[in-house]
S.K.: 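Got a structure for you, questions after.
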Amino acid sequence: MTKKIKILVVDDDAIISEMLKAVLEFKGYEVLISGEPNEAENLIIANDIDLVILDKLISGVDGTDVCSRIKSNAIISEVKVMMMTALHNAGPDCLAAGADSFMTKPFDMQLLFTNVETVLNL
C-alpha cells in the first residue's frame, strides 16, 4: 500500500481552506487545515505532512516568516511549501523565503493541481 500524500493548508479564510480541502481530497490527498500560522511547524511534525499550502498574510502573521522557519528547521526543511496570496507582486518575496511554488489568488483549480503535482514531483 502506498503512503497517502498529506497536505496542510494554512489560511485564515475558512471558505478557501474548506474549498482547498474538498478539491484536494477529491484528488486523493489527505488534507489538514489550520488558521493558526504559528502552529504550522508542530502540525507538520505531528502529522507527517508532505506539502504546506500557506497564505502570505494570515492572522496578522507574514507567511514568508512561517515559510522561512519551516525551511530553516532541520527536522522539516524538506517539506514542500506552496505559498499563495492575492498580492500579485509578492511572488519574489515568497520564493526568497524558501517557498517551492507561488500562486496568486484567485487561481484556477487546474493550476492548483498542476502546481501540487510539480512541487511533489508526481
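What you are looking at is a predicted structure, and each value in this text was computed from that prediction instead of being measured.
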S.K.: Please determine whether residues M103 and I58 belong to a single hydrophobic cluster, defined as Ile, Leu, Val, Met, Phe, Trp and Tyr linked transitively by side-chain heavy-atom distances below 4.5 Å.
M.R.: no
S.K.: Applying the side chain to side chain contact (heavy atoms under 4.5 Å, CB included) criterion to V31, which one of E18, K21, K6 satisfies it?
M.R.: K21
S.K.: For the hydrophobic clusters of this structure (ILVMFWY residues joined by side-chain heavy atoms under 4.5 Å, transitively), does one cluster hold both V52 and F107?
M.R.: no
S.K.: Would you confirm whether N47, through its side chain, and I49, through its main-chain N or O, come within 3.5 Å as a donor-acceptor pair?
M.R.: no
S.K.: Does D100 pair with K71 as a salt bridge, N-O distance under 4.0 Å?
M.R.: yes
S.K.: Using atom types as modelled and distance alone, determine if a side-chain donor or acceptor of D12 lies under 3.5 Å from a backbone N or O of G35.
M.R.: no
S.K.: Taking S59 for the side chain and V61 for the main chain, is one N or O donor matched with an acceptor at less than 3.5 Å?
M.R.: no
S.K.: Show your reasoning for whether side-chain contact (heavy atoms from CB on, under 4.5 Å) applies to T118 and M82.
M.R.: CA-CA 11 Å; T118 300; M82 180 186 308; over 6 Å; no
S.K.: Assess the residue pair I33 and D11 against the criterion (side-chain contact (heavy atoms from CB on, under 4.5 Å)); give the C-alpha distance rounded to whole Å, side-chain angles, the decisive distance to 0.1 Å, and a yes or no.
M.R.: CA-CA 8 Å; I33 57 176; D11 195 321; over 6 Å; no
S.K.: Return the minimal non-hydrogen interatomic distance between A99 and M83, and the atom names on each side.
M.R.: CB-CG, 3.7 Å
S.K.: Would you say K27 and L112 make side-chain contact, with heavy atoms under 4.5 Å?
M.R.: no
S.K.: If every non-hydrogen atom of A40 is compared with every non-hydrogen atom of V66, which pair is closest and at what distance?
M.R.: CB-CG1, 4.0 Å
S.K.: To the nearest 0.5 Å, tell me how far I53 CD1 sits from L20 CG.
M.R.: 5.5 Å
S.K.: Side chains of L8 and V79, heavy atoms from C-beta outward: is any pair under 4.5 Å?
M.R.: no
S.K.: If hydrophobic clusters are built by linking Ile, Leu, Val, Met, Phe, Trp and Tyr wherever their side-chain heavy atoms come under 4.5 Å apart, do F102 and L51 end up in the same one?
M.R.: no
S.K.: Run the salt-bridge test on K105 and D13 with the 4.0 Å N-O cut-off and return the result as yes or no.
M.R.: no
S.K.: Kindly compute the distance separating OG (S101) from CG (N115), expressed to the nearest 0.5 Å.
M.R.: 4.0 Å
S.K.: Roughly how far, to the nearest 0.5 Å, is the CG atom of L32 from the CG atom of L24?
M.R.: 12.5 Å
S.K.: Identify whether M19 and L111 are in the same connected component of the hydrophobic contact network (ILVMFWY, side-chain heavy atoms under 4.5 Å).
M.R.: yes
S.K.: Looking only at heavy atoms, which two atoms of P37 and V10 are closest? And how far apart?
M.R.: CA-CG1, 3.8 Å
S.K.: Determine whether R69 and N38 make a side-chain contact, defined as any pair of heavy atoms from C-beta on separated by less than 4.5 Å.
M.R.: yes
S.K.: Where is the tightest heavy-atom contact between D93 and T64, given as atom of each residue plus distance?
M.R.: O-CG2, 3.8 Å
S.K.: Are L57 and L54 connected, step by step, through hydrophobic side chains (Ile, Leu, Val, Met, Phe, Trp, Tyr) whose heavy atoms are closer than 4.5 Å?
M.R.: no
S.K.: Could you check whether any side-chain heavy atom of Y29 comes within less than 4.5 Å of a side-chain heavy atom of D50, counting everything from C-beta outward?
M.R.: no
S.K.: For a 4.5 angstrom cut-off between non-hydrogen side-chain atoms, does K56 reach D62?
M.R.: yes
S.K.: Is atom CD of Q110 surrounded by more than 12 heavy atoms (other residues, nucleotides or ligands) closer than 6.0 Å?
M.R.: yes
S.K.: Are I70 and E41 packed together at the side-chain level, in the sense that at least one heavy-atom pair is separated by less than 4.5 angstrom?
M.R.: yes
